[in-house]
Amino acid sequence: MANMLTTHLNFFWAGLLKQSQTGALVPSQRFLVAKMIAPVPETCEGLIIELGAGTGALTLRLAAKCPKARIVACEINPTLARECRNSLTRAGYDGRVEVVSAAAEQLLAEYVGRKTGKPEFVISGIPLGHMDGVRARHLLDIIRQSLAEGGMYIQFQHSLLDRKNIRTRFVQTHTVPALLNFPPAVVYYAQN
Ligand SMILES: C[S@@+](CC[C@H](N)C(=O)[O-])C[C@H]1O[C@@H](n2cnc3c(N)ncnc32)[C@H](O)[C@@H]1O
């Protein structure tokens, strides 16, 4: 219980002190997380990359749902990356998920030029709408380039600001609301 409180407080402080980087004051809740991971099959054995893992609200549910997948979660804020690792350890998923304390751009760059070993899913909570426009568009470009053929990019946002940027980069996109979340969100599913 005390651990969970510390985790939530660390997220809250990050939300206050690094507002544009964190994009929220509380981690995503069940309903939004369920929509984010819905397209990922339980039988997935490939690579799943999570961008902006925060304290692990989505990471934990993904690890529980996909025991055979290789999951790499990245988080730019080292305090939140540590909380994410601790949450995974407490839940018994130690060693099942690699948590990288780095920027998404840095992690994805490793996959861009590859022919094999690319992620089947890139799942992101990064607040694109709070980022500088050039950086947000660059991130979307490397997400598209790093995805495996037939792979899916899943992103939640608290506004529709980046809808056009996502739609112009992917052949198929689908947007669904996730209103039972604080703050309410939209989820984008995008494929090439
Ligand atoms: C809205 S929070 C989502 C956290 C978590 N996925 C959840 O759903 O509760 C966005 C997270 O993205 C992280 N972030 C922002 N920019 C990033 C970047 N360029 N690379 C990696 N993480 C980033 C923030 O530090 C923050 O933890």
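In each ligand, atom 1 is the first atom listed, and ligand 1 is the first ligand listed.
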Report, in ascending order of atom number, the atoms of ligand 1 lying under 4.0 Å from any heavy atom of Leu80. 27 (O)
Do the side chains of Ile37 and Leu58 get nearer than 4.5 Å, heavy atoms only? yes
Quick one: does any side-chain atom of Gln155 pair with a main-chain N or O of Ile126 as donor and acceptor, under 3.5 Å? yes
Could you tell me which atoms of ligand 1, counted from 1 in the order shown, lie closer than 4.0 angstrom to a heavy atom of Pro127? 10 (C), 15 (C)
Per-atom contacts, ligand 1 versus Ser28 - under 4.0 Å to a heavy atom: 7 (C), 8 (O), 9 (O)
If we set the cut-off at 4.0 Å for heavy atoms, which region of His130 has an atom near ligand 1: side chain, backbone, both, or neither? neither
Yes or no on side chain to side chain contact (heavy atoms under 4.5 Å, CB included) for Asn165 and Arg163, after CA distance, side-chain angles and deciding distance? CA-CA 6 Å; Asn165 282 332; Arg163 190 174 186 202; over 6 Å; no
Quick note, salt bridge (charged side-chain N to carboxylate O under 4.0 Å, His left out) partners involving residues 104-119, not counting sequence neighbours, are Glu105-Arg135
Rounded distance (nearest 0.5 Å) linking atom OG1 of Thr22 with atom CH2 of Trp13: 13.0 Å
Among pairs that include at least one residue of residues 114-154, which meet ring pair (Phe, Tyr, Trp, His ring centres under 6.0 Å), considering only residues two or more places apart or in two chains? Tyr153-Phe170
Under 4.0 Å from a heavy atom of Pro27: which atoms of ligand 1 are those, numbered in the order shown and with their elements? 9 (O)
Within the structure, is a non-hydrogen atom of Thr22 found at a distance of less than 4.0 Å from ligand 1? yes
Using a strict threshold of under 4.0 Å (side-chain N to carboxylate O), is an ion pair present between Glu45 and Arg70? no
Counting each atom of ligand 1 from 1 as listed, which ones have a heavy atom of Ala102 under 4.0 Å away? 21 (C)
Within the 4.0 Å heavy-atom cut-off, what Ile76 brings close to ligand 1 is both
Would you check the N or O atoms of Glu105, main chain and side chain alike, for any that come under 3.5 Å of an N or O of ligand 1? yes
Using modelled atom types and a 3.5 Å cut-off, is there a donor and acceptor pairing between side-chain atoms of Gln29 and backbone atoms of Phe31? no
Atoms of ligand 1, numbered as shown, that sit under 4.0 Å from any heavy atom of Arg135: 19 (N)
Polar proximity ligand 1 side, Gly52 side, N/O cut 3.5 Å exclusive: yes
Identify the protein heavy atom lying closest to atom 15 (C) of ligand 1, giving its residue, its atom name and the separation to 0.1 Å. Gln21 O, 3.1 Å
Can you tell which of Asn3, Asn10, Thr55 makes a side-chain hydrogen bond (donor to acceptor under 3.5 Å, both in side chains) with Glu83? Asn10
Would you say Lys18 touches ligand 1, if touching means a heavy atom closer than 4.0 Å? no
Please identify which atoms of ligand 1 are closer than 4.0 Å to at least one heavy atom of Ala104. 18 (C), 19 (N), 20 (N), 21 (C)
Is there a side-chain contact between Val40 and Ile48, using heavy atoms and a 4.5 Å cut-off? yes
N/O donor-acceptor pair under 3.5 Å between Glu98 side chain and Ile71 backbone: no
Are any of the heavy atoms in Leu51 under 4.0 Å away from ligand 1? no
Which ligand 1 atoms does Ala103 reach within 4.0 Å, using its non-hydrogen atoms? 20 (N)
Students should be able to answer this: which protein heavy-atom is nearest to atom 25 (O) of ligand 1, and at what distance? Glu75 OE2, 2.6 Å
So, 4.0 Å and heavy atoms of Glu50: is ligand 1 close enough to count as a contact? yes
Apply side chain to side chain contact (heavy atoms under 4.5 Å, CB included) to Leu62 and Val97, showing your working. CA-CA 10 Å; Leu62 189 62; Val97 178; over 6 Å; no
Nearest protein heavy atom with distance in Å, relative to atom 16 (N) of ligand 1: Ile126 CG2, 3.8 Å
